[in-house]
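Report on the following structure.
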2 protein chains.
Amino acid sequence: MELKRREEDYLEAIYEISKRKGKARTTDLAEYLGIKPASVTEMLQKLAAKGLLEYHRYSGVVLSKKGEEVALSVRERHDTIRELLKYLQVPPDIAQRDACIMEHNLSPITIIQLKKFINFIKNCPKNAPIWLEHFKKYSETGEFDCGEECEKI
Amino acid sequence: MELKRREEDYLEAIYEISKRKGKARTTDLAEYLGIKPASVTEMLQKLAAKGLLEYHRYSGVVLSKKGEEVALSVRERHDTIRELLKYLQVPPDIAQRDACIMEHNLSPITIIQLKKFINFIKNCPKNAPIWLEHFKKYSETGEFDCGEECEKI
DNA sequence: TTACAAGTTTAGGCATACCAAAATATTTAT
DNA sequence: ATAAATATTTTGGTATGCCTAAACTTGTAA
């Protein structure tokens, strides 16, 4: 069953809140998502009907196995994007927000490439590769002031 | 006035079609966007009311100055993202599609950083930087088979 | 020139996702 | 235990953006 981006948002939010509080309540979710409780109730009932969570009126909500799988996969995409943006020197709060926008609908192939790029940076034999340092400097100053060694980059 | 993502899509589409045909007709747009003509008419009337294009029934449509400015800025974001994905070794057709998804709503700061990163690659004194070649290889093989020189990357 | 084909618009409907206000349930404090 | 405060749900309504079917224009070919 194909999930809508907003459904993924809810599942992710429920996952994050449950991690801290054991279950997610309507008001928590409303605050987390920046919407009104009435809207949350409605969506929770829809997600329950799809078997993605356990819903009992007035009790808060817990993800089903299936729901948790979805939430984890969304979160993984989210983190991948956030990490990429971090390397591209996007400020953390903005990276966080923009990852929320991109985490849905991106092609799996794109996500795979982002991951590869991140691993390329992380696992480089010389860890923290020099060119990344150079990009950081370039990003701040607009200058390639790297002198001699630049020949090798 | 804050534009919706779908409105931006339409403006971009109108821009692209007008570039080739002088103006954009309802049917062209419907085909381009993969929707029915009736839906296009509706949106064109809305965009006309916002002063983003000239609409006269049965005549096709031309962007206003304001509309063209928006279209160009969307297209620029689109191209920036597409170029980044290209460097990350995402296949062109997928990069094209995913750029369409990301071109809306991304923070201007993120876009600026993407541009900086692209320029960092393009304008590197040693043009086509070695590390990018290495990433390409890594992306295909998963191996850092770069031997000696790797110390300097 | 008129009739028909192609293109466009209008009208009525649907799904999503939100909201405010009212109704209902639960929790807490006395 | 019960009233008041808090939380949740229901109800009815809105906006967006799509659809189909029917009505209307326009251009073209006989």
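Please read all numbers here as calculations on a predicted model, not as lab measurements. Each chain gets a letter, A, B and so on, in the order its sequence line appears, and its residues count up from 1.
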| message | What contact category does B/Q45 fall into here, base, sugar-phosphate, or nothing, at under 4.0 angstrom with non-hydrogen atoms? | response | sugar-phosphate
| message | Rounded to whole Å, please give me the gap between CD in A/E31 and C1' in D/dT6. | response | 15 Å
| field | For A/K115, all residues meeting salt bridge (charged side-chain N to carboxylate O under 4.0 Å, His left out), sequence neighbours excluded | value | A/E76
| Quick check, are the ring centers of A/F120 and B/F144 under 6.0 angstrom apart? | yes
| Between atom CZ in A/R25 and atom P in D/dT6, what is the gap in whole Å? | 13 Å
| note | In whole angstroms, the gap separating C1' of C/dT16 from NZ of A/K50 amounts to 11 Å
| message | Just N and O in the side chain of A/R57: are any of them under 4.0 Å from OP1 or OP2 of C/dT24? | response | no
| Qualifying residue, where the test is side-chain contact (heavy atoms from CB on, under 4.5 Å) with A/L84 and the options are A/T80, A/I81, A/L88 | A/L88
| Nearest of C/dT10, C/dA20, D/dG17 to any side-chain atom of B/A38? | C/dT10
| message | Within the 4.0 Å heavy-atom criterion, would you say A/T26 contacts the bases, only the backbone, or no part of the nucleic acid? | response | sugar-phosphate
| query | Would you say A/Y10 reaches C/dA17's phosphate, i.e. side-chain N/O to OP1/OP2 under 4.0 Å? | reply | no
| query | In whole angstrom, what separates B/E7's CD from D/dG17's P? | reply | 6 Å
| query | For atom NZ of A/K65, is the number of surrounding heavy atoms from other residues, nucleotides or ligands below 6.0 Å larger than 12? | reply | no
| Side chain of B/E42 - closest among C/dA17, C/dT9, D/dC19 | D/dC19
| Side chains of A/Q45 and A/Y55: donor-acceptor distance under 3.5 Å anywhere? | yes
| said: So, OP1 or OP2 of D/dC18: does either fall under 4.0 Å of a side-chain N or O from B/R6? | reply: yes
| query | CG of B/L29 versus C1' of D/dG17: gap in Å, rounded? | reply | 15 Å
| Euclidean distance, atom CG of residue B/D28 to atom C1' of C/dG7 [Å, nearest integer] | 11 Å
| request: Starting from C1' on C/dA15, measure out to CZ on A/R5 and report it in whole angstrom. | output: 17 Å
| said: Looking at A/Y58 and D/dT9, is any side-chain donor or acceptor paired with a base atom of the opposite kind under 3.5 Å? | reply: no
| field | Separation of atom NZ in A/K46 from atom C1' in D/dT9, rounded to whole Å | value | 15 Å
| request: Compare side-chain N and O positions of A/S39 against OP1 and OP2 of C/dC19 and report whether any pair is under 4.0 Å apart. | output: yes
